[in-house]
Protein chains: 2
Amino acid sequence: MEDGTFKSVTHTDVCATASCEIRDLLDRLADKWSLLIIEMLGEGARRFSELHREIDQISQRMLTLTLRHLERDGLVLRTVHPVVPPRVDYELTSLGESLLSAVFPLVTWTREHRHEVAAARGTYDTRRAPGEHSRV
Amino acid sequence: MEDGTFKSVTHTDVCATASCEIRDLLDRLADKWSLLIIEMLGEGARRFSELHREIDQISQRMLTLTLRHLERDGLVLRTVHPVVPPRVDYELTSLGESLLSAVFPLVTWTREHRHEVAAARGTYDTRRAPGEHSRV
DNA sequence: CGGCATCCTAAGGGATACTG
DNA sequence: CAGTATCCCTTAGGATGCCG
């Protein structure tokens, strides 16, 4: 149930409020890697190099940046072990885990409706492509 | 055409798969306006100018682009009324509505944990700011 | 190993002007 | 009204190299 909370406000307020929340949300998750890292850590703690290996398309710069960002937001816990060579572990905080749960429905949605979206795209594209030489 | 041909799933592909789904998801929602528009349309159909007024921070360029994108993905239905002056209505498709439901938990999460995140940020920032003149 | 610092490009997106 | 087209600037983020 979506319950009343969401719409218990006036029209413009819905906009302003929603806008704020959504910006908040996006600022936290909408970059290229945050969600992916959160999902990986959802399976258990990992050290830096493990993450880097598992997501080998990511640059170490981005891995570092994203982890810092997540750490700053209290979603990820960073543990530095004072050994040589250095070892750093990352894991989800409980806050991070709660976020992960909130993300699940969305990932599920994506998986379940991927084909519908692809189909819609196909329809859209072919319906306006045929006449004209569609732009690249 | 694009589906099925995708991949054979192996261990690294667990990552690749998640990565793929998440990239998919983000490509659809992670821009500055899509989610917001979806939420607005979740309350009911709107015409172009109404959306523009309600989200008045958006440029008409971005409004158009975003709506086209959503339409292409089958999330939004665009109806042109052949009148002068022109009138165009936008509404969520059932696919769009299903997405909206999947988004709700996340919006709720954001609202409920906003303060925790802010607090974590504060802690993080003050814990490394005091010694050094923090960079811009 | 884990991470900064630097450089550089591609894309996102705002402002403005024009059109059917 | 509901767009399109252009220009322009800011940002994300990849590649590379150095350091404790």
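Sequence lines set the chain letters: A, B, ... in the order given, protein chains first and strands last, and positions in each chain run from 1.
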Which donor-acceptor pairs under 3.5 Å do the side chains of residues 26-33 of chain B make with protein atoms, sequence neighbours left out?
unit_1: B:R28; atom_1: NE; unit_2: B:D73; atom_2: OD2; d: 3.0
unit_1: B:D31; atom_1: OD1; unit_2: B:S34; atom_2: OG; d: 2.6
unit_1: B:D31; atom_1: OD2; unit_2: B:W33; atom_2: N; d: 3.1
unit_1: B:D31; atom_1: OD2; unit_2: B:S34; atom_2: N; d: 3.0
unit_1: B:D31; atom_1: OD2; unit_2: B:S34; atom_2: OG; d: 2.9

Residues in side-chain hydrogen bond (donor to acceptor under 3.5 Å, both in side chains) contact with [X], at least two apart in sequence or another chain:
X     : result
B:R47 : none
B:Q60 : none
B:R72 : A:D125

Using every non-hydrogen atom in the two residues, find where [X] and [Y] come nearest and quote the distance to one decimal.
X      : Y      : answer
B:A45  : B:E50  : O-OE1, 4.5 Å
B:H113 : B:E116 : ND1-OE2, 2.7 Å
B:R46  : B:M40  : NH1-O, 2.9 Å
B:T66  : B:M62  : OG1-O, 2.6 Å
B:S19  : A:Q57  : OG-OE1, 3.6 Å
B:T123 : B:T126 : O-OG1, 3.1 Å

Give me the distances for all protein-to-nucleotides 18-20 of chain C N/O pairs that come in under 3.5 Å?
none

Quick one: does B:I37's side chain get under 4.5 Å of B:L63's, heavy atoms only?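 A side-chain contact under 4.5 Å exists here.
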Let me check the geometry of the helix from C:dC1-D:dG20 to C:dG20-D:dC1. What is the bend angle between the axes at its two ends, five pairs each, to 10°?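 Its terminal axes enclose an angle near 40°.
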Whole angstrom is fine here: how far is it from [atom1] in [X] over to [atom2] in [N]?
X     : N      : atom1 : atom2 : value
B:D31 : C:dG12 : CG    : P     : 9 Å
A:R46 : C:dC1  : CZ    : P     : 17 Å
A:E50 : C:dC1  : CD    : P     : 12 Å
A:H81 : C:dG3  : NE2   : C1'   : 16 Å

Sequence neighbours excluded and cut-off under 3.5 Å, please list the side-chain donor-acceptor pairs for residues 74-84 of chain A, or say none.
unit_1: A:R78; atom_1: NE; unit_2: A:Y90; atom_2: OH; d: 3.2
unit_1: A:H81; atom_1: NE2; unit_2: A:D89; atom_2: OD2; d: 2.6

Mind listing the N/O atom pairs, protein and nucleotides 6-11 of chain C, below 3.5 Å?
none

Any pair with a residue in residues 103-112 of chain A that passes salt bridge (charged side-chain N to carboxylate O under 4.0 Å, His left out), sequence neighbours left out, goes on the list, sorted by first then second residue, please.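 Only A:R111-B:E21 qualify under salt bridge (charged side-chain N to carboxylate O under 4.0 Å, His left out).
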Between the side chain of A:H52 and the main-chain N/O of A:I58, is any donor-acceptor distance below 3.5 Å?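 A pair under 3.5 Å: yes.
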Residues 94-103 of chain A side chain polar contacts: donor-acceptor under 3.5 Å, at least two apart:
unit_1: A:S98; atom_1: OG; unit_2: A:L95; atom_2: O; d: 2.6
unit_1: A:S98; atom_1: OG; unit_2: B:W109; atom_2: NE1; d: 2.8
unit_1: A:S101; atom_1: OG; unit_2: A:E97; atom_2: O; d: 2.9

Nucleic acid contacts of residues 62-75 of chain A, taken as heavy-atom distances under 4.0 Å to DNA chain D: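 Listed by number, they are A:M62.
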N/O (side chain, A:S49) to phosphate O (OP1/OP2, C:dC1) under 4.0 Å: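 Answer is no, no contact under 4.0 Å.
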First and last nucleotide of DNA chain D in contact with chain A, 5' to 3', at under 4.0 Å to a heavy atom: what are they?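 Span of nucleotides near chain A: D:dG13 to D:dG20.
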